[in-house]
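Just so it is clear: chains get the letters A, B, ... in the order the sequence lines come, proteins before strands, and each one is counted from 1.
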Number of protein chains: 2
Amino acid sequence: MAHIKINDLTSFHGALNDPLRLRLLRLLMERELCVCEMMRVLKTPQYKVSRHLGVLKKAGLIRDWREGTWIHYEIAPAIPGVLKESLVCLRSLWDQSSVIKHDLRILGRSSARKPGEPVVNC
Amino acid sequence: MAHIKINDLTSFHGALNDPLRLRLLRLLMERELCVCEMMRVLKTPQYKVSRHLGVLKKAGLIRDWREGTWIHYEIAPAIPGVLKESLVCLRSLWDQSSVIKHDLRILGRSSARKPGEPVVNC
DNA sequence: TCTTTATATGCGCCATTTCGCATATAATAG
DNA sequence: CTATTATATGCGAAATGGCGCATATAAAGA
């Protein structure tokens, strides 16, 4: 069980301190997504999505990998247990927000590409 | 069950986005405290403690009342259930930090004045 | 190689936040 | 009324953070 530094806590709470980042993280708690999908769901310019994903990544909350020209993001599998539990708890809080609810509805309508399936649209 | 606006979420996470505020809030999760006690425990100038308590108060997380020249602070009793649960969850996370652990040890050594008891020191 | 698609980032600008000092306020004691 | 104790706050400077544009990078396709 590793120590957590007060700076890690600050960067954690800092990462959650922006509406767009909150929404991005919440989407990623549903499933792995590529940047262009998040752009579409949140109707947000590419440079914003990339920038804010960068902050979440730097805080260690998400990780990414490349597949062709796409970059996929997902919740970092290696985050400590206490942190994961906190996120699950916070999810219940966030889900009371109508903006978050709306985002999830839009995400639900957008089709998930299954692994190996050819890239269709973006 | 009231809706929570995305702005409330932002102000919540914003309130937690500062090391000193985190430490203050954590102390108040132990027990009601007056400003001068928090100054002593956290070894922090008065204006900083007051300012940051003001932010926590504005976010609706704590409330205060006067007793003589002292101002007491405590966790707001009226905060919504989901929020309270989130705080309890986050407490486990924060408590892994050695800074927080240290603060709590110092607080434990400082004597709590019981209600009605005369004010002794500060 | 040239183009297109997907994503990241350097940079300057503006808004927000924090700091530290000084001062204001409020209650109490003398 | 004056002094003291406890706390809050106005203000300017410094630091931080997000925005938007433009551009860089990287892979794939023609």
| Among Leu83(A), Ile79(A), Asn17(A), the one residue meeting side-chain contact (heavy atoms from CB on, under 4.5 Å) with Phe12(A) | Leu83(A)
| said: Tell me the interatomic distance from Leu20(A), atom CG, to dG20(D), atom C1', rounded to whole angstroms. | reply: 14 Å
| request: Take the protein atom CG of Asn7(B) and the nucleotide atom P of dT16(C), then report the distance between them rounded to whole Å. | output: 12 Å
| field | Distance in angstrom units between His72(A) NE2 and dA27(D) P, rounded | value | 14 Å
| Checking Glu37(B) side chain against Cys34(B) main chain: does a donor-acceptor pair fall under 3.5 Å? | yes
| Gap between atoms NZ and P, on Lys58(A) and dG18(D) respectively (whole Å) | 12 Å
| field | Test log, rule salt bridge (Lys or Arg N to Asp or Glu O under 4.0 Å), inputs Arg26(B) and Asp103(B) | value | CA-CA 9 Å; Arg26(B) 184 60 190 87; Asp103(B) 291 347; over 6 Å; no
| task | Name the closest nucleotide to the Lys48(A) side chain, picking from dG20(D), dA26(C), dT7(D). | result | dG20(D)
| said: What is the separation between atom CD1 on Ile62(B) and atom C1' on dT7(D), rounded to the nearest whole Å? | reply: 13 Å
| Would you say a side-chain N or O of Arg21(B) is under 4.0 Å from OP1 or OP2 of dT18(C)? | yes
| field | Closest nucleotide among dA6(C), dA8(C), dA8(D) to the Thr69(A) side chain | value | dA6(C)
| message | If we ignore hydrogens and angles and just use 3.5 Å, is the side chain of Ser110(B) paired with the main-chain N or O of Leu107(B) as donor and acceptor? | response | yes
| task | Establish, with yes or no, whether the OP1 or OP2 oxygen of dC19(D) is under 4.0 angstrom from a side-chain nitrogen or oxygen of His52(A). | result | yes
| remark: Testing dT7(C), dG20(D), dA6(C) for proximity to the side chain of Tyr47(A), the answer is dG20(D)
| note | Assign each of Gln46(A) and Asp64(B) the nucleotide of DNA chain D bearing its closest heavy atom; nearer the 5' end lies the nucleotide of Asp64(B)
| query | dA6(C) P sits how many Å from Arg40(A) CZ, rounded? | reply | 10 Å
| request: Measure from CD on Glu67(B) to P on dT5(D) and round the result to the nearest Å. | output: 18 Å
| request: Have a look at Arg51(B) and say if it touches a base, only the backbone sugar-phosphate, or nothing, with a 4.0 Å heavy-atom cut-off. | output: base
| note | Arg63(B) atom CZ is separated from dT7(D) atom C1', nearest whole Å, by 19 Å
| request: Look at the side-chain N and O atoms of Tyr73(A) and state whether any lies under 4.0 Å from the OP1 or OP2 oxygen of dA8(C). | output: yes
| said: Is it the case that the side chain of Arg21(B) and the backbone of Ala15(B) share a donor-acceptor pair, with hydrogens and angles ignored and the cut-off at 3.5 Å? | reply: yes
